[in-house]
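Positions are given from 1, in the same order as the sequence printed here.
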Amino acid sequence: MTANAPFDLLLAGAGHAHLGVLRLWRAGQRPAGRIALVSEGPYAWYSGMLPGLLAGRYRPQQCRIALAPLCAAAGVEFLQGRLLGLDAASNSVSLENAQRYAARWLSLNLGSQPQAPATTDISLALLPVKPFAAFLQGWSEWQQAPQALAILGGGAAGVELALALGRQVPQLTLLSNSPLLNGHPPALRRRALRHLAAAGVQVMEGVAVDAIQGDSLLADGHSVWRGGRVILATGASALPWLRESGLDTDARGFVRIGPTLQSLSHPHVFAVGDCASLPATPRSGVYAVRQGPLLAANLAAALASQPLQKYQPQRQALALLADGQGGALLSWAGLTAEGKWLGRWKDRLDRRFMALHGAES
Ligand SMILES: Cc1cc2nc3c(=O)[nH]c(=O)nc-3n(C[C@H](O)[C@H](O)[C@H](O)COP(=O)(O)OP(=O)(O)OC[C@H]3O[C@@H](n4cnc5c(N)ncnc54)[C@H](O)[C@@H]3O)c2cc1C
């Protein structure tokens, strides 16, 4: 393990909020001090455009942000490597490549990973939707010889993936442990079911897959699907090593933070987006993006020993789900709608977001 000279601030993970921070610093708001970003890959992939990429509507270059140029423009050192651990007592992180970095302040925007059911002697191939780079690589290999597959997870991600992929494989089954799109208005579920039927997707709702054995998905000990390929788009689970970091985590392993976005146990650590646990703050890109400007302000204040601001989560968030055919389904404040015009609107919003960070248009 190699220890390096400490940083003033280390940004861990190129999540949505850190991208916003880098963008503000690029525009001239960078605080003084030695600052670095650690990311496992050279790009930050944008989940909002992933279904469109899979449906063949975008090129990869339009859906990812190159981190080295963004960091250079923001005056931040870019360190590429996968984090394997964090030691809250010494405010340091360790990487897969055996490097170790300590910092006066840490900021975590590491996202989450899909929850995997228990597996025994599995003979089917499992492909988690995150990390995106590995998912895209795995998917392109699968598509050399398309086969029937199942998607586990009936939330927005699972539905968007099924709509994007349904027409590209001989048979696609979408399994959800609750009604589809639980938490959204029932009308959104009905709209989604119609689009899924048109794409030839078989939907199984209220089926809680809790184990995978051989080539079978099991719910309560019974086989509910058999086959060779399964995509995991289940709800967010925490990166396992966060629980061992010494940081206060909730029962599911997410870092508990307060309104200033600081760890409840270690105020020198900030955490935002999916990896953090804060009441009334759902895990979605929309919330992580909104945390960016406040995080930037609070990191600058922390470095200058100034008072910090409090984050107030928005009450409503707009959801726009790609329908796989260039349109979109909308859910906002109990209302739903669908149409090609919503697809064009989503496309404009997504491209604008990416252009702000220097992605190809
Ligand atoms: C198919 C799909 C579609 C979605 N569509 C939407 C949508 O339209 N709108 C929406 O609001 N939400 C959407 N989501 C949810 C959204 O992706 C997440 O809630 C959001 O990405 C969380 O953002 P974040 O900033 O916390 O982290 P992320 O954007 O996930 O970023 C985390 C970063 O940390 C890096 N990282 C992770 N682990 C390590 C490690 N060990 N070492 C180094 N780096 C690491 C990752 O590479 C990544 O760059 C979608 C999800 C999926 C799967």
Side-chain angles (χ1 to χ4, degrees), residues 4-46 64-88 90-97 99-112 131 238-239 241-242 245 247 254-255 257 260-263 266-276 285 287-304 308-309 311 356-358:
N4 297 280
F7 288 91
D8 293 299
L9 168 63
L10 196 64
L11 306 175
H16 290 69
H18 279 172
L19 294 173
V21 168
L22 292 172
R23 189 157 55 80
L24 289 168
W25 291 354
R26 184 186 59 186
Q29 297 178 32
R30 183 197 187 282
R34 186 173 174 227
I35 305 177
L37 170 87
V38 185
S39 171
E40 61 189 329
Y43 302 109
W45 289 89
Y46 180 44
R64 64 190 190 197
I65 293 157
L67 295 171
L70 180 60
C71 284
V76 168
E77 290 175 48
F78 176 50
L79 308 168
Q80 191 180 321
R82 196 160 83 94
L83 290 159
L84 285 187
L86 186 156
D87 177 31
S90 59
N91 238 27
S92 64
V93 293
S94 47
L95 273 68
E96 197 172 43
N97 60 12
Q99 296 289 331
R100 206 163 74 85
Y101 298 101
R104 243 179 354 115
W105 296 91
L106 284 177
S107 177
L108 313 179
N109 188 193
L110 290 157
S112 56
L239 299 179
W241 47 265
L242 283 176
S245 63
L247 294 173
F254 295 105
V255 179
I257 58 167
T260 57
L261 308 176
Q262 288 164 287
S263 152
H266 293 76
H268 278 72
V269 179
F270 289 79
V272 285
D274 278 14
C275 70
Y287 285 82
V289 167
R290 289 284 181 94
Q291 288 172 335
L294 189 116
L295 177 68
N298 279 0
L299 291 175
L303 284 162
L308 306 193
Q309 298 174 33
Y311 167 72
L356 283 174
H357 299 91

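- Between atom CG of residue Asp87 and atom OG of residue Ser92 there is a gap of 4.5 Å, rounded to the nearest 0.5 Å.
- Of all heavy-atom pairs spanning Ala297 and Gln309, the tightest one is CB-NE2, 3.7 Å.
- Note: Leu239 CG to Leu83 CG = 9.0 Å, rounded to the nearest 0.5 Å.
- Looking only at distances, a side-chain donor or acceptor of His18 sits under 3.5 Å from a matching main-chain atom of Gly13.
- When every heavy atom of Gly33 is checked against every heavy atom of Asp8, the shortest pair comes out as CA-OD2, 3.2 Å.
- Contact of the Val269 side chain with the Val255 side chain is not registered, since no non-hydrogen atoms from C-beta on lie closer than 4.5 Å.
- For the side chain to side chain contact (heavy atoms under 4.5 Å, CB included) test with Gln291, the passing option among Asn109, Asn298, Val272 is Val272; the others fail.
- The only member of Val76, Leu295, Leu294 that meets side chain to side chain contact (heavy atoms under 4.5 Å, CB included) when paired with Val21 is Leu295.
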Identify each donor-acceptor pair in which a side-chain atom of residues 66-75 lies under 3.5 Å from a protein atom, sequence neighbours left out, and give them as a table.
none

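- Ala296 and Leu24 get closest at one heavy-atom pair: CB-CD1, 3.7 Å.
- Contact detail for Leu308 and Ala301: the closest heavy-atom pair is CD2-CB, 3.5 Å.
- Here the shortest heavy-atom pairing between Leu303 and Pro31 reads CD1-CG, 3.7 Å.
- Between Gln80 and Pro42, the closest heavy-atom pair is NE2-CD, 3.6 Å.
- Note that the CG atom of Leu95 and the CZ atom of Arg100 stand 11.5 Å from one another [nearest 0.5 Å].
- Counting heavy atoms from C-beta outward, Arg104 and Pro6 have side chains that stay 4.5 Å or more apart.
- With rounding to the nearest 0.5 Å, the separation of CZ in Phe270 from CG in Leu261 is 7.5 Å.
- Counting heavy atoms from C-beta on, the side chains of Leu299 and Ile35 never come closer than 4.5 Å.
- Applying the 6.0 Å contact sphere to CZ of Arg23 captures more than 12 heavy atoms from other residues, nucleotides or ligands.
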Pair Val38-Phe7, side-chain contact (heavy atoms from CB on, under 4.5 Å): steps then yes or no: CA-CA 12 Å; Val38 185; Phe7 288 91; over 6 Å; no
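- Atom OH in Tyr287 sits 12.5 Å away from atom CG in Asp274 (nearest 0.5 Å).
- Residue pairs meeting the side chain to side chain donor-acceptor pair (under 3.5 Å) criterion with at least one member in residues 32-44, sequence neighbours excluded: Arg34-Glu77, Tyr43-Arg64.
- Between the CG atom in Leu110 and the CH2 atom in Trp241 there is a gap of 4.5 Å [rounded to 0.5 Å].
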